[in-house]
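Note sheet for the following structure.
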Number of protein chains: 2
Amino acid sequence: MKNVRPGRSNALLKQATQTDRAVLGIRDMVLRGSVRAGKRLTELGMVDVLGVSRTPVRAALQRLAAEGLLQSAQPNGYVVRSFSEAEIFDAIEIRGALEGLAARMAAERGVPAATLDDLKDCLAAMDTLLATAAPGDEQLSRYGTLNARFHGLLVEAAGSAMVERILATVVSLPFAAPDAFVSAQARIPDSLAILRIAQTQHYEIVAALEARSSARAEPLVREHARIARRNLELALHSADALTHLAGGALIRRAGHG
Amino acid sequence: MKNVRPGRSNALLKQATQTDRAVLGIRDMVLRGSVRAGKRLTELGMVDVLGVSRTPVRAALQRLAAEGLLQSAQPNGYVVRSFSEAEIFDAIEIRGALEGLAARMAAERGVPAATLDDLKDCLAAMDTLLATAAPGDEQLSRYGTLNARFHGLLVEAAGSAMVERILATVVSLPFAAPDAFVSAQARIPDSLAILRIAQTQHYEIVAALEARSSARAEPLVREHARIARRNLELALHSADALTHLAGGALIRRAGHG
DNA sequence: TCTACCGGCGTTGTATACAACCGCGCGCCG
DNA sequence: CGGCGCGCGGTTGTATACAACGCCGGTAGA
């Protein structure tokens, strides 16, 4: 079963190395729930599943462990990580703290007019989507993208590579990303009302940035992150929503060990 | 030049793998300044220097890049990262934000009496060291250890593995750790006065935790982190202090490209 | 003389062989 | 019948061979 693609040749997917494929493959397996939380992942096992050799598998496991999806087990090896409700709350709170810091920095340093325009464009586009009475999956997905873009712009506006880097490691966790729950939103009651509240906060945040009011921007952004908390609580009450949430199988409900 | 230790045998240093040695070796080289910031590190080059094969070198480079000491270069390969003054300020601010979050969580959830006792023990031990009129390197080093322990206890008191994890990635950067500047403190003017201010803040923080006053604990801890900012500014004015600072050669002064 | 091609070298990606460790079950001996 | 030891399968750590780029310089042709 020699692999078709030794070396680095054959640009099937441009620049996609075996390591990238292994990372994507394992991450997908974990996030889709085809391997359960707590399950031990061995290098050779992944070799069989992915069809690449141990070397890229090894690199992928290391990267995913650094990302937080996997946890290195006692003597050696990795297990699929699980997340308690409290841990996800904490991750969201951490994101809020860091995005809040970014907002404060941005307000203090002043946001370029071009960036403000971009932010406002985002808001307008989201408004359009929210005007629909009952948005479908398609529209929610587009809203999620716009929301991610809004948060990206916000962080970028801080002008700090450090903040971006740390935030990237936080957001790489499932559930911690700003748009983590949007995909499950269609299965959550009152989802539209929640999104409208979030959008109101978006406007306030942009206004605070424009006014260079760091004292207002920071707590606004922190509080805004807690919308995700509410979404998580609602999603946890709906098995349907959980299955449609990326990595939902990784959530360790209270009482399930 | 076959390596003496193939496989995993021969517990010269217990449990120390070649990969660990490579990580330590490269990190030391970078932090001691024997490779300059911006220099490209090739796998084979490290093989020659470290005397281990490419496999552990590769793993080490990946780990150090995740840690933030190295930066992956455009097509492939790694370069030694450099840090501007502003970036270090940001890193300290980030630590402050996260430690502040930890303090808030700890205050809200309540700190166990045992942990409070540990914190107070730390304070007492630091008081003893600060009572000396002119502490030497030895005493400053012990102070740094105690200070690190204090901050560790604080974070632990939050009871959040997430916060601990993210903070660990921030602190893994040189300069960002709570005790990063203590080693250079002896070469900084007014160092003792600064440490006494820091110690005052330590007391206030513990008092806020004991009173479960999250609203006081968080900003106190944030402000406390900014002591490190002041230390950095002072260290940057002293070439002597810089050379005694781990990773000082990585600091990109304004105007030095 | 300038340009274009070709080949070698340096570098990384990948596969794989081998060594050491760990846990476990089986068999031997008391 | 019970305990101990030994070997074996499973797993990771390490070294290394080979393939595929990319770049640079040299050479040949116009």
Side-chain angles (χ1 to χ4, degrees), chain A residues 1-27 29 35 38-66 70-81, chain B residues 1-27 29 35 38-66 70-81:
Chain A
M1 208 242 278
K2 273 241 175 197
N3 197 283
V4 188
R5 188 179 164 291
R8 207 197 305 176
S9 72
N10 193 339
L12 282 173
L13 271 45
K14 50 173 60 176
Q15 285 294 94
T17 67
Q18 299 288 71
T19 302
D20 295 333
R21 267 192 273 279
V23 170
L24 261 48
I26 299 175
R27 189 191 293 138
M29 286 172 57
V35 294
K39 161 130 188 187
R40 177 133 181 238
L41 296 187
T42 69
E43 295 176 4
L44 287 171
M46 292 299 99
V47 164
D48 288 345
V49 172
L50 300 169
V52 301
S53 81
R54 271 185 64 206
T55 306
V57 163
R58 205 177 163 68
L61 290 173
Q62 190 180 335
R63 268 167 59 173
L64 290 169
L70 305 181
Q71 204 168 13
S72 63
Q74 304 317 337
N76 48 26
Y78 298 96
V79 298
V80 177
R81 179 109 204 240
Chain B
M1 205 242 280
K2 274 242 175 201
N3 196 283
V4 188
R5 186 180 166 287
R8 207 197 306 178
S9 71
N10 193 342
L12 282 174
L13 271 47
K14 51 175 59 175
Q15 286 292 95
T17 67
Q18 299 288 72
T19 303
D20 294 334
R21 266 192 274 278
V23 170
L24 261 48
I26 299 175
R27 190 190 290 137
M29 286 171 57
V35 294
K39 161 129 188 188
R40 176 133 180 233
L41 296 187
T42 69
E43 296 176 4
L44 286 171
M46 292 299 99
V47 165
D48 288 344
V49 173
L50 300 170
V52 301
S53 82
R54 272 185 63 206
T55 306
V57 163
R58 204 177 165 68
L61 290 173
Q62 189 180 334
R63 267 167 61 174
L64 290 169
L70 305 182
Q71 204 168 14
S72 63
Q74 304 318 339
N76 47 26
Y78 298 96
V79 297
V80 176
R81 174 104 208 246

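Every chain is numbered from 1 and lettered A, B, ... according to where its sequence line falls, protein lines coming before strand lines.
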Q. Which whole-number value in Å describes the distance from Met46(A) CE to dA15(C) C1'?
A. 18 Å

Q. What's the CG-C1' distance between Asp20(B) and dT12(D), to the nearest Å?
A. 13 Å

**Q.** Atom pair distance, as rounded to whole Å: CG in Leu50(B) and P in dT14(D)
**A.** 13 Å

Q: Kindly indicate whether the side chain of Thr55(B) and the base of dT16(D) share any N or O donor-acceptor pair separated by less than 3.5 Å?
A: yes

Q | Nearest to side-chain heavy atoms of Glu43(A), which nucleotide of dT12(C), dG13(D), dA15(D) | A | dG13(D)

Q | Partners passing side chain to side chain contact (heavy atoms under 4.5 Å, CB included) against Arg27(A) (at least two apart in sequence or in another chain) | A | Val23(A), Leu24(A), Leu31(A), Leu64(A), Glu67(A), Leu69(A)

Q) Does Thr42(A) get its side chain close enough to the base of dT12(D), under 3.5 Å, for a donor-acceptor pair? A) no

(Q) Under 4.0 Å from OP1 or OP2 of dG13(D): is there any side-chain N or O of Arg58(A) that close? (A) yes

(Q) Please give me the minimum heavy-atom distance between Ser53(A) and Val47(A), naming the atom from each residue. (A) C-CG2, 3.7 Å

Q: Calculate the interatomic distance between Asn76(A) atom CG and dA19(C) atom P; express it in whole Å.
A: 19 Å

**Q.** Which residues share a salt bridge (charged side-chain N to carboxylate O under 4.0 Å, His left out) with Arg54(A), sequence neighbours left out
**A.** Glu43(A)

Q | Proximity to the side chain of Gln18(A) - top-ranked nucleotide from dT12(C), dT11(D), dA15(C) | A | dA15(C)

(Q) Pick the closest DNA chain C nucleotide for Leu44(B) and for Pro56(A) by heavy atoms, then say which residue is nearer the 5' end. (A) Leu44(B)

Q. Is any side-chain nitrogen or oxygen of Thr19(A) closer than 4.0 Å to OP1 or OP2 of dT14(C)?
A. yes

